[in-house]
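See below for the structure under consideration.
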Amino acid sequence: MPEALGDTPEAFLAALDGPTCIVLTGADPSRCRALVTLLHGNEPSGVRALHRWLHAGIQPAVTIVCVIAAVEAAQHPPVFSHRVLSGRRDLNRCFRAPFDIDAQGMLAQRILELLVHFTPEAVIDLHNTSGSGPSFGVSICADDAHLALTTLFTRRLVHTDLRLGSLMEISEHLVPTVTIECGGRTDDAAHTVAWAGIDHFFRRPDVLTRRADIDVDVMRNPVRLELTPACSLAYADAPRDDVHLTLRPDIEHYNFGVTAAGTSLGWVRGAQLEELFVAKNTARNCLLKDVLMLTDGELITRQPLKLFMITTQPAIAKMDCLCYAVQADGRELIAGQRPV
Ligand SMILES: [Zn+2]
C-alpha cells in the first residue's frame, strides 16, 4: 500500500479517481471508526495527514474507514484551492433531504450509507478554517464521548444548536460525531494537529472515554458577526476614509483569548454600526449592541468576549462572516445582558 500512495499529498490526490473510501483493517476488526475529510476541496490538512499516516504502514487499533470526499474540487487547478467547483452546492450543506437533486446531494447520501454500513463507534470530520487561527471542534452534543473525541485533536469545542445541513448533524443520530477545524488551511501547525489527532484516533484502543485531567474550553451557541452588503472594508493600522470599515490588521490575534471590554478592533467612517454589521445568534436575535459599540468613530468591544474564526481576508469576511463570539467564559451571549 505505501508505495501506491505517491511521494506527496499532491501526488496522492492526483491519483484518486473521484470521491474515495479507504478501509484499513484494524488489530481488532470487530470495531470500526470513520474519518471523513476534504468535504471542502480547499482544506488540505486531512488529506496531508492521512497521506503521511498511510505512508508509515502501521496497522490501526480498530478498522478505520476513511472518506475523501470533494476530490474533484480539490484536483481542480490550482490544487487544494477550490472549496467547491463553481456552480455547485457546498457539500457540507447537503447532508439533509432531498438528496437526489444533484451530484453533491447524492455524494452526501452515499457517505451516509457507508456510515450505516460500517457502523463506526465514532466519526471525525476533519476541516480547515479559511483564516489562520487555533484548532477547535464543533459538535451538536457536548457529553463525555464528544469531549473525549475533541481532545484527540484540540482543547476547544463549539457546542452549537445551529443546523446547516452538515455531516455531523445527521450522522450524530447514528454515532458520536465531531467536526474538527484543525486550523488555517495553509498553516503547518494545522497539518500537525490533523496528523497527531488522526494518529490518536486510529491507534488508541479507546477514544470515547473522557480523561479527567484534560480540560476542554466549551463555547456555546456563538453569535455570527456578519457584514452587510453595504459595508466596504479594508485592513489597515489607521482609519481609511475611502471605506466604511477599517479593521486592524492584527485582529486575528484576538482568536480565542479573552478580548477585554473596550478593545479597539478598528474604525468606522460615514455609517452607523447597524448599517455595517449583523450579529445573529442561533435563535436569529440580533446582538450587535451587546457585542460592539462606536466611540468617536472607533469600533470597540462592548463586553469581555471570546472571539474566534476571525478572518483577515476581505472576501471571506464579506461572503461568510467576520468572526464568531461568545461570552468570555464560553457561555452564549444573551441580548440585553451587558454591562452598562
Ligand atoms: Zn470545511
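Numbering of ligands and ligand atoms starts at 1, following listing order. This structure is a prediction, so every number in the text was calculated from the model and none was measured.
Checked for salt-bridge contact, R248 and D250 miss the test: no charged N lies under 4.0 Å from a carboxylate O.
For E10, the salt bridge (Lys or Arg N to Asp or Glu O under 4.0 Å) partners at least two apart in sequence or on another chain are R48.
Other residues, nucleotides and ligands place no more than 12 heavy atoms under 6.0 Å from the CG atom of D296.
Only protein atoms were considered; those of element N, O or S under 2.8 Å from the Zn ion (ligand 1) number 4.
Between L299 and L273, the closest side-chain pair of non-hydrogen atoms falls below 4.5 Å.
Note on residues 198-207: pairs passing side-chain hydrogen bond (donor to acceptor under 3.5 Å, both in side chains), not counting sequence neighbours, are W53-D199, D199-R203, H200-R204, D206-T209.
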If you look only at distance, which donor and acceptor atoms sit under 3.5 Å apart when one is on a side chain in residues 106-114 and the other is two or more places apart or in another chain?
none

